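This one's a predicted model, so the numbers in the text were calculated from it and none came from an experiment.
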Amino acid sequence: MPGKKRLFWQLYPSYLLITLISLVAVTWYASSSIRDFYTEQTISDLEARARLFEQQISEHIDPLDAKTIDQISKKAGKHALTRITVILPSGKVVGDSDENPATMDNHADRPEFIGAIKGNRGTSIRHSITLDKDLMYVAVRLKRRAHTIAVVRTSIPMTSIDDALKIIQVKILLGGLVMALFAAILSLFVSRRITSPIEQIRSWAESIARGEFQLKPSVRASEEIKALCESLSRMAEDLRERIDIGVRQRNEIEAMFSSMIEGVIALDMEELVINMNQAAAEILGCDLSAAKGRSIQEVVRNTALHEFVRETILAHNAIEKDIPISFHGEGLVNGHGTLLRDAEGKQIGALIVLNDVTRLRKLENIRRDFVSNVSHEIKTPITAIKGFVETLRDGAVTNPEDAERFLGIIEKHVDRLEAIIEDLLNLSKIEQESEKEGITLVKSRISEILQSAVQACHVRAAHKEINIEISCAESMVEKVDPSLIEQAVVNLLDNAIKYSDDGGIVRVEAAQGEDEVTIAVQDQGAGIDKKHLSRLFERFYRVDKARSRQLGGTGLGLAIVKHIVQAHGGKVLVESTLGKGSTFTIHLPFA
Ligand code: ADP
């Protein structure tokens, strides 16, 4: 797990390396110093021995007693574990502790001899051919009255010096190793002390990054690390505040966005959906959760919308257009497209705002149609009246028979105008009442209302010898506006009579359901083709215009029925079979 990059692994090996290099350097320096010191000591020691020996042989030099000198040398050498050689100024060896002087070379060329002759003492470390090992030589001059009479040379094998040095070096090395171990442990401790608070801060910072703003860790560390910790803590606090603000603002925007009635879609330059609200998903009939990040072509199958999005992205100004949609039946949405820009003002996509205007456009159409229908309906009788008035003025008035006939026609058209205006006034009165204060409902006996309606139609029914049958329980009571319901029933009865053959039967039947009262008006008349049924309750809608006019219809009767029933919170339905008759049923929910 510990990677090379970790601070600990950067610190610890460096500490260790520094310690080891220092130790090696110290060991090397100490051992070479000791070696120098030891060599110097050995030289002094050998010189002292030579000086001591010098006194023993000085009387045998002049006159020369080589044999005694050699004997003394051998004895002293054995005693002192030192090789002793006595050399005459000529270089001739006269005594040696280890060898026979007679077989030895002339020593005049030996560096220690030359050193002793020149100064008082000569030293040399070299390989002895005689003994075949490295030796340290110290030679001192033996003088008598300023004359050199001999050179005494002492020597010991270097191995003994080296052995002694080795022991010391081993000790230094062992000490060094122990120190290195201590240093390693100490470095470990120090490294840990430095890195562990940093580790703590690191994992704290990571938890901050994950959004867990727990309290800062209590770090036991240097001033710098503590200061860093403080700064981080302040930063975390700052960050938390900013995140809180950000989250709050985002939630507010989300809430606004999702509670908007208008559908909103944000798209990027590639036409991928950045965001979309619930209203947009509902208007377009797509899945909101799967929309984000997908192209608009994938999300909504509507080429008009795709084109609108493309136009918005390419356009430099806001654009507006009505887009047909076919979700929930045929509909129309009004789209507003604007460019989406980032903080620097660079275009990053498009924002589409959609308004479902299906109902609005329908209402606009109805209103337009209504105005033109009203004008048309009124224009016909007025034109007729005007025509007959002119005919009368042109002379027909003088002929009493014509005059009587024309006045009769004028009267009929005036009646028609009156009927239309009366129906229109009724319609607008019902509309206004239901929209503003609402209609006043009173507990009423349904049978009484039906009887009164039948009474009103009595003359017309009798005229066509049509029998009206009522079926209604006397006890049936419901909270309604009795005069309005009577008017609705009269309108239905009026139609039933109008579109029934002479001698037919019309039934009025009231029934009480679980949660509603129904009033059905049934005839056995002409019936209505299925294709007209959905539009039957529209104002001025007539299956057969000429026939309706001829029968004195205004085309508003069923529209008035619908409005009355809607004002009561109910609905009116029609069932009809061509040639067999129709049944109009008013459904009134219990108030
Ligand atoms: P109108 O004044 O022409 O009767 P309505 O609004 O009352 O106007 O009726 C609209 C149309 O519905 C009528 O023109 C007629 O064609 C048809 N209609 C209404 N009631 C019946 C019915 N009982 N039988 C056949 N057709 C009917």
Presence of salt bridge, E364 and R367, under 4.0 angstrom: no
Basic-acidic side-chain contact under 4.0 Å: E54, R51: yes
Residues T82 and R49: side-chain donor-acceptor under 3.5 angstrom: yes
Lys/Arg N to Asp/Glu carboxylate O, R361 vs D356, below 4.0 Å: no
Close side-chain approach of T85 to M104, heavy-atom, < 4.5 Å: yes
Nearest heavy atoms of V93 and D105, plus distance in Å: CG2-O, 3.7 Å
Electrostatic pair E99:R83 at N-O distance under 4.0 angstrom: no
Residue pair R368 / N365, side-chain donor-acceptor N/O under 3.5 Å: yes
S155 versus L135, closest heavy-atom pair with distance: OG-CD1, 4.3 Å
Heavy-atom closest pair, residues A76 and I84: CB-CD1, 3.8 Å
No-hydrogen, no-angle side-chain donor-acceptor test under 3.5 Å, H306 and Q297: no
D238 bridged to R234 by N-O distance under 4.0 Å: no
Side-chain touch R141/N120, heavy atoms, less than 4.5 angstrom: yes
Electrostatic pair K321-E311, nearest N-O below 4.0 angstrom: yes
